[in-house]
Amino acid sequence: MANESQPTTGLYKETLLAGLWRENPVFRLLLGMCPTLAVTAAVKPALTMGLCVIFVLVCSNIIVSLMRNLLKPHLRILMFTLTIATFVTIADLFLKAFALTMSETLGPYVPLIIVNCIIICRAEACASKNGLIVSVIDALGMGVGFTLTLCVLAAIREVLATGMIFEVQVMPDAFVPWAAMGMPVGAFITLGLMLGLVNLTNKKKAKSSCHEV
Amino acid sequence: MILANVLELWSSVWPAGVTMLGLGSGFALVLLIASEKLKVTVDPKIEQIHEALPNLDCGACGFAGCGQYAKAVLGDPELLGKCAPGGPETSSKIADVLNLQVSDSGPQQRPIVRCRACTADKTLYAQYQGIQSCIAANALANVQACGFGCLSFGDCTRACKFDALHIVDGMTIVDYEKCTGCTACSKACPRNLIEMVPFGYENMMIVACNSKETGKSTRSICKVGCIGCGICVKQTDVFSVEDNLARIDFTRYEPNEQAETAMNKCPTKVIIYRGKTAPEPPQPGKKPVAATKA
Amino acid sequence: MLKIKHFIQESWLLIVASFAFGLLIAVASASLDARIKQNEKDKLDNLMKSLISDANDFQIAIEQAEIPGDRGRVETTDVYKALGEDGGVIGFAFVAVGAGFADKIKLVIAVDGKCEKFFGFKVLSSNETPGFGSKIKDDDPESDVDFADQFKGAPAQEFELIKTGKLEVIKKIDSQIVAISGATVSSDAVVKIFNMYTDKIREQLRQKGLIGDGK
Amino acid sequence: MDTLNILLMGFISIVIINNLVFTKFLGICPYLGVSGRIDMAFGMGLAVTFVVTLSGTLTWMIDNWILMKLGLEVTRYICFILVIAGAVQLVEMYMRKFFPSLYESFGIFLPLITTNCAILGLCLFINLWGINSLLEAVVLSFGAGIGFTMAICIMAGIRENLNLADVPECLKGAPITLITAGILTLAFMGFAGMIR
Amino acid sequence: MKVNVKGRFSFPGGIHPPEKKDLSREVEIQPGPAVKEVAVMLSQHIGAVCQPLNRKGDAVQAGQKIGDCDAFVSAPVHSPITGKVKEIALRSHAVLGRSSAIVIEAFSYSPTRRSYFKLKDDFDEKNYSAGQICEAVRQAGIVGMGGAGFPTRVKIEPNPQMPKETLIINGCECEPYITCDYRIMLEWTNQIIAGIKLARKASGCSQVFIAIEGNKPKAIEVMNRALESFANSDSIKVIPVKTKYPQGGERQLIKAILKKDVPTGGIPPMIGVVVLNVATAAAIAEAVISDLPLTHRVVTVTGEAVAKPGNYYVPIGTSVEDLIEFCGGVTKKSAKVLLGGPMMGIAIADLKTPITKATNAITVLTKEQIGRAKFARRQTACICCGRCLEVCPENLNPTKIAHAVKYNFLDVAESYYISACMECGCCSYVCPANIELTGYIKTGKIFLARQKKKIPG
Amino acid sequence: MLKDIRVSCSPHISERLSTRSVMIDVIIGLAPAMAAAGYYFRIHALILICTCVISSVAAEWLCNAIRKKPNSLDDFSAVVTGIILALSLPPNLPVWVAVIGSVFSIAIGKMVFGGLGANIFNPAMVGRTFLTASFGVLMTSWMVPVTIDSEIAKIDPDNKIKAVAEEGLVHARTRATPLAWSKQAIKSELGADLYSEEQFKATLTGEVGGSLGETSAIALLLGGLYLLIRRTINFHIPLAILVSAFIFGAIAYLIDSYSYVQPLYHLSSGGLLLCAFFIATDPVTAPLTRRGMWIFGIGVGMLTMLIRIVGEYPEGVMFSILLMNAVTPLIDRLCKRIPAGGKPSA
Ligand SMILES: Cc1cc2nc3c(=O)[nH]c(=O)nc-3n(C[C@H](O)[C@H](O)[C@H](O)COP(=O)(O)O)c2cc1C
Ligand SMILES: Cc1cc2nc3c(=O)[nH]c(=O)nc-3n(C[C@H](O)[C@H](O)[C@H](O)COP(=O)(O)O)c2cc1C
Ligand SMILES: Cc1cc2nc3c(=O)[nH]c(=O)nc-3n(C[C@H](O)[C@H](O)[C@H](O)COP(=O)(O)O)c2cc1C
Ligand SMILES: Cc1cc2nc3c(=O)[nH]c(=O)nc-3n(C[C@H](O)[C@H](O)[C@H](O)CO)c2cc1C
Ligand code: SF4
Ligand code: SF4
Ligand code: SF4
Ligand code: SF4
Ligand code: FES
């Protein structure tokens with residue numbers, strides 16, 4: 001990771017972009033799958049979820065980065081959890097106060113951000129080793145990467161399941177919605193195929209290990 | 001005014017703060033005691049690897065948490081790089097820990113393939129139909145006329161995790177840039193054609209044949225086989241002939257005039273160089289069909 | 001003594017942090033609490049208002065009314081009274097819960113001041129399958145009849161669910177409710193919720209003297 | 001009798017009808033990660049069952065007996081996660097020290113599931129469903145664990161079979177697991193509405 | 001250990017390939033070609049390889065021992081002809097690849113019809129001690145002639161740890177095409193029975209069963225008649241077993257007759273059984289009574305592509321080429337030359353391959369036939385139809401094992417008991433997807449053996 | 001001498017059997033059911049079967065092309081999938097729905113797992129379930145056989161025959177589907193005895209509403225018998241399914257013979273026969289061992305009846321197939337074969 005004493009703009013850019021594609025938390029790290037699947041029936045909740053994650057990620061990365069030299073090994077994870085849980089609670093309160101419908105749609109998946117591996121992973125892998133700026137940029141990159149992925153997934157599902165996107169009709173009237181895409185099946189299969197597609201785009205020369213006839 | 005506000009806020013806020021304080025310190029205490037009282041001693045290597053890991057216990061590696069992965073990696077270094085959250089950085093750290101065990105003394109061991117017959121050089125008695133693997137083909141006598149040479153089904157290339165082996169026109173060619181000397185290929189070859197030898201020099205001279213047939217029968221089935229004529233032995237005692245087959249004592253080999261002469265005098269041109277910058281091997285007699293990429 | 005010192009040394013950060021975070025949460029909560037409460041009340045009010053459009057204000061009439069449900073469970077709900085322009089009680093509304101196809105269905109149900117006729121219901125929350133059970137809340141623009149419309153003005157007595165799709169039957173306002181085709185279960189759930197609450201609520205209102213006991 | 005009925009129905013419902021993995025998308029990370037081999041999957045399932053029962057019970061008690069009484073619902077999430085993390089860590093250490101064989105067979109999975117949403121998720125759902133008896137909370141938590149075990153074992157069986165199949169290179173691993181899980185949710189729809 | 005002779009002697013699994021025995025069934029055993037040169041392999045059996053006893057240029061007599069070895073599990077080899085050692089060189093061996101052989105140039109060899117074996121009137125196995133028989137068998141270089149080539153002495157020698165009770169004489173000949181055992185049973189009946197008695201004496205078995213498939217009624221009849229006319233043969237019974245492949249596999253035979261399973265990975269003596277091929281029994285008689293080493297054997301040369309199919313008595317070491325040539329050469333249709341039958345036989349490419357003691361047949365298949373077999377036709381993926389499971393006599397799961405090998409999960413293959421497979425080929429035979437199950441299993445076994453060998457070293 | 005000889009592993013001969021011949025057998029076995037469908041639903045049947053087969057085949061071709069794998073159409077398995085999917089769909093299903101179903105069947109149900117033989121779930125049932133989940137209303141709108149006099153058939157204007165309860169005894173053959181009727185009978189407490197003898201006969205000949213291929217029990221039995229005689233399928237799975245379904249149905253009937261129909265009706269109506277002979281027997285997705293087949297069959301039978309009797313859906317066949325497919329690897333593991341000589345001691 002970055003050496004704090006000589007941060008460069010290039011590094012920041014690098015860090016930011018890493019989260020968007022190269023180390024995209026959903027596609028590459030396969031982390032945080034539960035919200036990815038649960039909230040992507042439509043774009044709106046997906047976006048809300050993504051924003052919450054960005055908020056929590058940035059805040060917790062800031063705190064962890066500031067405290068990074070004071071952490072004791074046996075309490076490190078506990079400390080991360082505590083920090084994250086705090087910001088998740090705050091985010092939840094905000095949602096309840098300013099976006100009640102969204103809060104109801106997302107239900108328990110907002111508090112579940114606490115155990116979303118992306119956040120704790122970034123706290124551990126980046127913030128606890130890096131300075132404030134790098135941590136924040138990393139959090140933003142990861143968060144935006146997560147949000148974008150969520151939104152793409154949600155867009156596909158929402159269009160097919162309802163013919164709408166952001167609750168605006170986009171498909172022709174003759175289109176009969178595929179209700180299954182709004183159900184768990186749709187979530188699993190769409191994400192599976194998307195992952196496959198992503199694997200395909202950066203497939204390295206893979207060797208088959210079987211004795212073909 | 002402000003003070004009053006703050007006080008009022010405080011009065012509604014303190015229970016939460018105190019609860020959390022209690023919870024936090026309680027857990028801290030319990031965990032501290034537990035971590036000291038319930039300590040289990042483990043292999044320091046595992047501990048080292050464990051420390052290098054992110055300790056997220058996320059399961060991305062397919063193991064039950066970082067501890068298990070650490071244990072597994074120590075046992076089987078091929079599992080390296082399974083930790084997605086840690087990324088390459090972690091992998092290299094673990095590799096460092098693991099490497100402490102590897103003692104590197106003497107020249108590196110690298111594989112040589114002791115057969116240089118390309119497709120055109122080989123004689124076939126019959127056409128093989130069946131499982132395209134050297135082991136399977138080797139189970140049948142004389143799939144090729146030469147019972148010792150490379151079968152070209154590429155069991156070795158599949159065994160190589162580093163993409164360092166390729167079958168080119170029926171010949172197995174080692175890419176010494178990529179090869180790490182892991183010996184997987186030499187274990188895979190059912191005909192034991194691949195030998196790990198100490199590469200004292202960038203290029204090594206090798207006898208690229210494994211045929212123990214008499215010279216006459218070797219000649220009748222392969223243009224580039226060793227006929228055990230012993231001309232090379234006459235040049236330098238690095239060579240020896242046994243079972244109709246010349247061998248090189250690699251521990252004593254050094255590039256010199258005599259070896260070069262031996263190579264040039266070899267009637268079937270079976271002595272060649274192999275290595276990172278080895279020149280194209282000479283062709284005996286008539287040139288075979290130009291090497292086409294397999 | 002040494003141990004305590006050791007403990008403090010090791011854990012002070014956590015202790016301080018927990019305290020600080022506790023305060024942080026409490027502050028956030030304190031500042032947002034009012035809004036959250038208001039939000040919830042607004043939502044309910046809006047729903048009740050959309051059912052009883054004449055109402056000016058809603059007040060709690062019975063707090064924590066107990067409704068015995070299936071299998072010995074007891075649900076509790078607040079019953080609101082709707083006050084008209086003149087301050088008179090023009091209706092009652094309450095939240096009713098029951099098992100739907102996938103998860104619980106929460107409805108807001110409104111009856112008139114004499115507890116004789118329903119104003120209808122609105123879905124407060126449900127998790128029914130989109131395209132199937134979700135039709136209990138959607139106003140389907142394509143069909144000229146609405147499942148929910150069947151309850152508007154219906155007499156406050158036992159409903160019966162039937163499956164015939166004849167338009168006249170649907171349009172007729174009576175105690176026969178025609179199920180949404182493809183979502184019989186959800187329709188049935190709504191009907192069951194009505195049947196479970198209506199009598200009990202009326203009973204309790206009567207006990208409290210909020211309505212007369214003559215029918 | 002009624003109580004028994006409720007408990008039984010609740011149990012069946014959470015094991016097959018409202019299975020955490022298939023309907024609530026909880027615990028997907030280990031579901032994808034540790035379903036490669038049946039023995040591992042089974043160990044994981046046992047560990048989850050244990051932890052989820054433990055934490056479901058604990059958090060219900062804390063929630064109902066402390067937080068609600070004191071009006072401290074805002075700190076619910078923090079309390080839950082701390083209780084889960086702490087309890088799991090303690091049990092793990094304890095087991096490792098005093099029951100090494102038990103630890104080897106399923107204790108090794110314990111740390112992995114602290115960060116698994118199935119645990120916290122279940123505690124939250126129990127709160128959300130307004131479960132108001134301790135017994136019911138225990139049974140539901142246990143059922144959730146069993147449901148997870150069932151799901152992950154089925155998946156592990158399938159994946160062991162897929163090892164011996166020519167799955168497209170780009171779909172190997174997580175993608176095919178997700179698609180399989182999708183079809184599984186379709187299959188489990190057959191139970192929908194059986195118990196209400 | 002009572003045996004119900006009436007029962008249907010069979011085993012679970014197995015297949016019914018077309019028998020095709022008519023080609024050579026009625027052809028009497030005839031003398032083979034007048035070979036000019038034979039190549040006697042130094043390793044014709046399971047066990048240690050023999051060391052040559054002669055050098056290039058030495059003259060050898062017919063029946064002279066030319067290779068031996070001190071190891072217990074081994075058997076000497078003898079020169080079948082009088083001639084000169086031309087060289088000691090590599091020759092193709094069906095199993096071992098290139099392997100050393102003593103090449104002997106014949107001074108003169110004229111094949112004669114084998115003189116009829118005369119059992120002396122005073123023959124009584126009691127005249128021979130067990131040790132004597134064993135030693136004679138060893139000196140004669142007798143190995144199993146049913147295919148595997150295990151040194152017979154080791155098999156029949158009493159072993160205090162595994163006392164032998166039952167001797168089964170394997171006359172099933174379940175492989176399609178092959179008829180050499182059948183002819184031997186018809187023509188050398190007395191010799192077989194003498195051999196059986198000697199083997200019984202040597203091994204100390206109390207009961208003997210001669211297993212013959214139901215499709216060889218004549219052999220059953222001849223055998224029964226011979227037994228009747230022989231003294232002291234009441235504990236010997238002929239058992240007609242069900243016609244089905246691989247009835248002749250020793251584990252299947254034991255299951256069919258004794259209803260007992262040989263433990264997986266174990267050998268028949270563990271349950272007190274010895275199985276000997278009929279040709280082996282005949283060889284024992286010859287070795288003990290006439291003191292003749294094993295230098296010739298009966299080979300069935302058959303197949304639609306052979307002009308003159310038949311059963312020939314040929315010197316061991318004769319090359320396949322000579323033998324086929326002798327049978328009128330091969331027709332144009334021929335496409336595959338097998339040592340053995342079509343189910344378990346090994347396809348050879350080098351027709352100079354010499355015949356060994358274990359070679360019971362040479363089958364030449366036509367293009368049309370192999371076109372109908374696996375490989376040439378299009379393979380599909382396994383459709384999991386379960387046919388291979390149903391026919392597997394060892395009750396294995398061939399498709400799982402084969403796929404585990406194919407995808408390199410050898411531990412899975414082992415967990416499905418790959419080592420219990422006897423490579424009978426039933427699974428490949430029935431597979432509608434044309435998967436070479438047996439081939440994969442064989443490959444996997446070799447692979448595992450290599451792995452095992454490599455790891456400790 | 002010999003120039004053109006070959007070598008390969010033993011055995012060198014094989015039975016005259018190929019994947020294609022097995023699949024063609026299944027198609028022949030399905031022919032009576034297709035004929036019955038053609039008789040009762042005429043052009044609808046033709047359109048649906050053709051659509052499903054063509055789009056299945058096209059989807060398989062496309063998937064192979066994308067993977068750059070050799071074409072695998074000549075094994076005919078895609079055709080079987082197409083036919084079975086078509087036979088399990090409502091006759092008047094719009095063509096585009098059938099296309100979506102076929103493509104989903106082949107692409108998601110089969111090819112992503114690696115094509116023939118690798119799929120865990122029955123492709124046709126995967127497709128059908130997806131369609132049911134997506135287009136529930138279309139998938140539960142049934143038409144009466146065209147052979148029924150339209151005078152008798154009281155077809156609703158929108159051609160959706162929902163059994164008309166208040167009219168009491170509607171003409172037996174015009175009720176939606178036999179199972180839907182019985183389900184409704186349970187719910188509306190009309191009593192299952194309305195399910196008459198006449199109706200039972202109709203399910204045998206097939207003159208009832210329902211999926212394309214499931215209506216005629218006789219045609220299905222005929223086809224099943226053919227497969228059994230040809231040994232394309234083993235008797236274990238069909239027998240286990242039918243027996244366990246019968247027993248389960250009988251138990252329900254004995255407990256409450258007023259609301260539950262006779263067990264025999266359960267066997268003859270709905271997709272149970274189609275399932276028992278053609279769907280559950282799909283070798284790819286069924287267990288390999290005999291013992292496994294028994295367990296599988298019993299599981300399918302019981303789950304089907306459980307869903308029919310207790311569950312929400314009138315028909316449980318496709319779910320029970322998918323559920324048992326999912327546990328097939330576990331069943332196979334449970335029924336792992338032990339070598340004839342017992343487990344090796346080492
Ligand atoms: C994927 C799927 C989801 C369903 N969701 C619901 C639902 O949310 N509510 C409901 O009442 N029925 C739902 N159903 C349908 C019921 O299971 C059942 O078929 C229906 O209640 C029968 O009603 P009908 O007779 O009006 O068709 C669903 C069916 C499917 C296939
Ligand atoms: C699949 C299979 C089929 C066999 N068929 C026969 C056979 O038909 N006749 C026979 O004598 N031996 C057959 N054998 C060899 C026997 O198993 C056994 O090795 C032999 O009878 C022992 O006698 P021997 O040592 O005298 O050869 C077969 C082996 C296998 C594996
Ligand atoms: C193989 C097969 C499987 C079927 N599976 C189901 C099923 O799982 N659920 C279902 O509702 N209908 C299924 N059907 C359709 C039913 O057999 C029948 O047509 C249906 O029960 C009609 O009743 P419905 O509305 O009233 O659903 C299936 C049909 C076939 C041929
Ligand atoms: C007896 C038998 C039954 C079959 N049943 C089905 C079926 O129900 N659904 C299907 O998609 N394919 C069926 N197939 C075809 C084929 O096995 C199927 O497409 C594979 O699952 C594809 O891998 C069947 C094949 C046979 C031999
Ligand atoms: S397998 Fe190992 S030793 Fe062989 S070529 Fe590859 S890297 Fe080199
Ligand atoms: S070197 Fe050996 S393993 Fe490699 S292709 Fe040649 S024969 Fe096969
Ligand atoms: S070859 Fe092996 S697996 Fe196949 S049938 Fe014979 S014993 Fe069974
Ligand atoms: S016989 Fe062939 S297709 Fe059938 S299960 Fe065995 S390997 Fe598969
Ligand atoms: S996000 Fe749910 S378990 Fe990881």
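On a predicted model such as this, the values are computed, not experimentally measured, just so you know. Numbered from 1 within each chain, the chains take letters A, B, ... in sequence-line order.
Using a 4.5 Å cut-off between heavy atoms, D/Leu124 touches chain A through its side chain atoms alone. Neither the backbone nor the side chain of A/Ala180 comes within contact range of chain D; no heavy atom of the residue lies under 4.5 Å from a heavy atom of that chain. With a 4.5 angstrom heavy-atom cutoff, A/Ile84 does not touch chain D via any of its atoms. With a 4.5 angstrom heavy-atom cutoff, D/Leu82 touches chain A only via side-chain atoms. Using a 4.5 Å cut-off between heavy atoms, A/Ile114 contacts chain D through its side chain alone, with no backbone atom that close.
The minimum heavy-atom distance between A/Cys34 and D/Gly27, with the atom names listed, is SG-N, 3.4 Å.
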**Message:** Run D/Ile28 and A/Phe188 through side-chain contact (heavy atoms from CB on, under 4.5 Å) and show every step you take.
**Reply:** CA-CA 10 Å; D/Ile28 302 295; A/Phe188 280 113; 4.0 Å; yes
**Item:** Audit row: A/Leu82, D/Ile78, side-chain contact (heavy atoms from CB on, under 4.5 Å) steps and yes/no
**Value:** CA-CA 7 Å; A/Leu82 190 68; D/Ile78 298 188; 3.8 Å; yes
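The NZ atom of D/Lys172 sits 11.5 Å away from the CG atom of A/Asn199 when rounded to the nearest 0.5 Å. In this structure, CG in D/Leu32 is found 5.5 Å from CE in A/Met33, a value given to the nearest 0.5 Å.
Of all the listed residues (A/Ala85, A/Pro111, A/Gly186), the one sharing the greatest number of non-hydrogen pairs under 4.5 Å with chain D is A/Pro111. Among A/Leu112, A/Val88, A/Leu195, the residue making the largest number of heavy-atom pairs under 4.5 Å with chain D is A/Leu112. Interface summary for chain D: among A/Asp92, A/Thr36, A/Thr81, the most heavy-atom pairs under 4.5 angstrom belong to A/Asp92. Taking D/Leu26, D/Leu171, D/Leu120, D/Ile183 one by one and counting their heavy-atom pairs under 4.5 Å with chain A, the maximum is reached by D/Leu120. Heavy-atom pairs under 4.5 Å with chain D were tallied for A/Leu93, A/Ile189, A/Thr89; the largest tally goes to A/Thr89.
In the displayed structure, A/Phe94 atom CZ is contacted under 6.0 Å by at most 12 heavy atoms of other residues, nucleotides or ligands.
Aromatic ring orientation, D/Phe125 versus A/Tyr109: perpendicular (interplanar angle above 60°, classes split at 30° and 60°).
With contacts defined as side-chain heavy-atom distances shorter than 4.5 Å, the pair D/Cys117/A/Asn116 does not qualify. With a 4.5 Å cut-off on side-chain heavy atoms, A/Pro108 and D/Leu128 count as touching.
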